[in-house]
Protein chains: 2
Amino acid sequence: MATIYDVAKIAGVSPKTVSRVLNGDAPVGEKTREAVEKAILELGYVPSNAARMMRSSRSGLIGLITGAISTTSDGNEPKGLPDLLIVQGIQSVMSATGMTLMIADTGGSSARVPELIRTFVEHRAEGLIYVADYHQRVELPPAPKGTPLVLANCYDDLGTPSVLPDDERGQHNLVARLIQAGHSRIGYLTLPKGMDATRLRLDGYKRALAEAGIAFDPELVSTGFMHDKLRNSAVLWDAIDRILSLPNPPTVLCCGNDEMAMRVYGILRTRGIRMPEDISVAGYDNYRVIAETLFPPLTTAELPYAAMGARAADWLLSLINDENHEQINPTLVSGPVNWRSSVTAIAPADGNTIRFPLSNGRNPQ
Amino acid sequence: MATIYDVAKIAGVSPKTVSRVLNGDAPVGEKTREAVEKAILELGYVPSNAARMMRSSRSGLIGLITGAISTTSDGNEPKGLPDLLIVQGIQSVMSATGMTLMIADTGGSSARVPELIRTFVEHRAEGLIYVADYHQRVELPPAPKGTPLVLANCYDDLGTPSVLPDDERGQHNLVARLIQAGHSRIGYLTLPKGMDATRLRLDGYKRALAEAGIAFDPELVSTGFMHDKLRNSAVLWDAIDRILSLPNPPTVLCCGNDEMAMRVYGILRTRGIRMPEDISVAGYDNYRVIAETLFPPLTTAELPYAAMGARAADWLLSLINDENHEQINPTLVSGPVNWRSSVTAIAPADGNTIRFPLSNGRNPQ
DNA sequence: CGATGTCATGACACCGATGTCATAATTAAT
DNA sequence: ATTAATTATGACATCGGTGTCATGACATCG
């Protein structure tokens, strides 16, 4: 690979002059510049970042670690991986500021994290981001001092800067919207117990009910997914069965996420229950491949992955540049409710007519 | 950040001796080693990859470019992005050999590719991989000589090393399996015209029929998806309508991919058609979130993304190390058929009984 | 016209590792 | 015991850029 000395020799100048042409940090004569530029093109010269870094000690690199450091590591099966959207959000911010992203995947084994961090430190990464695959608490090995770290989609007990989805608010907004559409008996099939998202979303559900003056009915809430995936079909079937056979069944079923909603579609249809005519269904995540493709398209709260990534990246950059933006920790990012035709507006219980049309989904034909 | 000189000073030895402790490339006295190791720990010293690279000219970096350089760039909407699995396949091979992956995303604009390549060259990446989001032809700017390039999930006209899914074979194997299960009237709802996958999979479908002595019936084949996504619902509805009202309708519908199969589920159920009792459905991709979650679980041909990534990484490494493994270009990677309960075995047309049970899906209850 | 300032350029040291070579201290071999 | 081989260590140059300082050629100004 050509060096700055090769260029200098061909252009008949000193290496320092070539450097000046490259960086524009001092005036260079017109003819000299042309000669240098010609030589650069001729050799296909590209400056070495490593050599540059030796002097400047700025690497322009950001290290990104992803992977499932879950307490319940469920093997090596890759899933839908929407957390890539977080990575994309980070990437778009970073590339706009000229930083280069190095990524490493733990492959599900948290034991590899220290090794990955070390690699990044060897490359003198200026900052690190850890991305979790779902909202969770993590314990990371101590980051090297001087290298800022931001957590995305996870948090720890040490007060490390952390960007999280606002699950409580997202679910609240969705349920509030359902209530606005005339629903008051709202079933909720939750994610597995113990997950942060489960608790927070249930809180949001309750708050929306409370704000509307609707009493919380525990009969309407049931666990839809368990940690043991093999049992999910049976658990969900049973939960739906129980909720639908209540004396006063719900008019809409909120699902813990879109994947669950997809299963609910299958189960309801198997029983001859039509959506949204007989019952409405809502999800969570706005996992677009599911939400937009299901028939009817699914109303769902958006998990703002890309925005979370961008927030985390912004935060990291401000830490690197030592800007003292006082940032609330954790930073909660909320997303919109995506209203699609899996939910219909119904006449409210008090007999009032519906004030506005809410369904905007397209039906075939 | 501490340097090797700091360590040397504290340990009371020369920098070179510290280097020897780090690399173990020459014997070091027991007591000296201990003193050096103590100093390293004390300072939290991590060697600088940049400085190392200056001498060795080996960066240990691999550049990975992803993004939709599609001729039909359909805007900025991120989808399910299963191509991350390719990245994971690459990552797992690379980390096993101690290489570090730098990734950059074009964000959908092919104009950014040269800029990204330049960044990688500045970092003296030892090899580049370009990953496309679906099987397609691409035109990349000429790679810098001396830096090998491998294409994953795409190919070009220049004979650049390329790893592709074996769509023809995958579809063939799936259809052959359906025939084995007693099906002989096999409908096929294709992906949009013009895509490589569409043509190849249709070829595989035809070959499987031919091998079984079943005449190809064009009436059973219809375009299920178009490039214009807004029309997909209508197109698919119509195609199903037409195929099912044939005098001799199919017993199974093959869908261009799993996403289409998910829509087909919805459409069939809306019409009161049960799966798999009334008709079987098969997909393509083994997009697990869909295939495993749909009810009933979907029989589908696997698009072996992770294997493709691993293959591409292996190939790149052999190019970097100048090993002359003669590699067929393009390298086709095939995946298994995932047999689930969306397809039932039926009595073959000739009245023979079914020779073995094929459904192994779990039903709730 | 001499003093001062700006422009254009080069010599040289330095960043932090490692390769090469030299050297001193042991140990093994003859 | 003397030579040869091995061990343990350091001095120094080098990789490819850039920061610092010096220098010569002009231009400007009082």
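A, B, ... follow the sequence lines: proteins, then strands. Residue 1 opens every chain.
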message: Tell me if a side-chain donor or acceptor on A:Asn329 pairs with a main-chain N or O of A:Ser162 at a distance below 3.5 Å.
response: yes

query: Would you find a donor on one side and an acceptor on the other, under 3.5 Å apart, between the side chain of B:Glu126 and the backbone of B:Gly60?
result: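 Here the side-chain-to-backbone pair exists.
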
Candidate nucleotides [options], ranked by approach to the side chain of [X] - the nearest:
{"X": "B:Arg20", "options": "D:dT9, C:dT18, C:dC7", "result": "D:dT9"}
{"X": "A:Ile4", "options": "C:dA17, D:dA8, D:dT18", "result": "D:dT18"}
{"X": "B:Asp25", "options": "C:dA13, C:dG19, D:dT9", "result": "C:dG19"}
{"X": "A:Thr17", "options": "D:dG17, C:dT18, C:dG10", "result": "C:dG10"}
{"X": "B:Leu22", "options": "C:dT18, D:dG17, C:dG16", "result": "C:dT18"}
{"X": "B:Pro15", "options": "C:dA13, C:dT18, C:dG16", "result": "C:dT18"}
{"X": "B:Ser14", "options": "D:dA11, C:dA17, D:dT18", "result": "D:dA11"}

Over how many whole Å does the gap from [X] atom [atom1] to [N] atom [atom2] extend?
{"X": "A:Arg58", "N": "D:dT18", "atom1": "CZ", "atom2": "P", "result": "15 Å"}
{"X": "B:Asp6", "N": "C:dC15", "atom1": "CG", "atom2": "P", "result": "11 Å"}
{"X": "A:Met1", "N": "D:dG16", "atom1": "CE", "atom2": "P", "result": "11 Å"}
{"X": "A:Leu43", "N": "D:dG16", "atom1": "CG", "atom2": "C1'", "result": "14 Å"}
{"X": "A:Ile40", "N": "D:dG16", "atom1": "CD1", "atom2": "P", "result": "16 Å"}
{"X": "A:Asn49", "N": "D:dT18", "atom1": "CG", "atom2": "P", "result": "10 Å"}
{"X": "A:Lys9", "N": "D:dG16", "atom1": "NZ", "atom2": "C1'", "result": "14 Å"}
{"X": "A:Met53", "N": "D:dT18", "atom1": "CE", "atom2": "C1'", "result": "15 Å"}

query: Could a donor-acceptor pair under 3.5 angstrom be found where the side chain of A:Lys16 meets the base of D:dG19?
result: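 Per atom types, the contact qualifies.
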
- prompt: Quick one: the side chain of B:Arg55 and the base of D:dT14, do they pair up donor-acceptor inside 3.5 Å?
  reply: yes

query: With a 4.0 Å cut-off, would you call B:Asp25 and B:Arg20 a salt bridge?
result: no

message: Less than 4.0 angstrom from a charged side-chain N to a carboxylate O is my criterion; do A:Glu122 and A:Arg118 meet it?
response: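 A salt bridge links A:Glu122 with A:Arg118.
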
query: NA contact type, A:Val18, heavy-atom cut-off 4.0 Å: base, sugar-phosphate, or nothing?
result: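 No contact.
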
message: Is it true that B:Thr331 and B:Gln327 share a donor-acceptor pair across their side chains at a distance under 3.5 Å?
response: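 Present: a donor and an acceptor within the cut-off.
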
[X] vs [N]: side-chain N/O to OP1/OP2 distance below 4.0 Å:
{"X": "A:Ser48", "N": "D:dG17", "answer": "no"}
{"X": "A:Ser19", "N": "D:dT18", "answer": "yes"}
{"X": "A:Arg33", "N": "C:dC7", "answer": "no"}
{"X": "B:Tyr5", "N": "C:dT18", "answer": "no"}
{"X": "A:Asn23", "N": "D:dT18", "answer": "yes"}
{"X": "B:Thr32", "N": "D:dT9", "answer": "yes"}

statement: Output field dot_bracket for DNA chain D (Watson-Crick or G-U, both distances under 3.5 Å, | for other-strand pairs) contains ||||||||||||||||||||||||||||||

message: A side-chain contact here means heavy atoms from C-beta on lying under 4.5 Å apart; do A:Glu42 and A:Ile10 qualify?
response: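 In contact.
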
- request: List the steps, then state whether side chain to side chain donor-acceptor pair (under 3.5 Å) holds for A:Asp196 with A:Tyr155.
  value: CA-CA 11 Å; A:Asp196 289 296; A:Tyr155 60 95; 3.0 Å; yes

- prompt: What are the two closest heavy atoms between B:Arg124 and A:Val46, and how far apart are they?
  reply: NH2-O, 2.7 Å

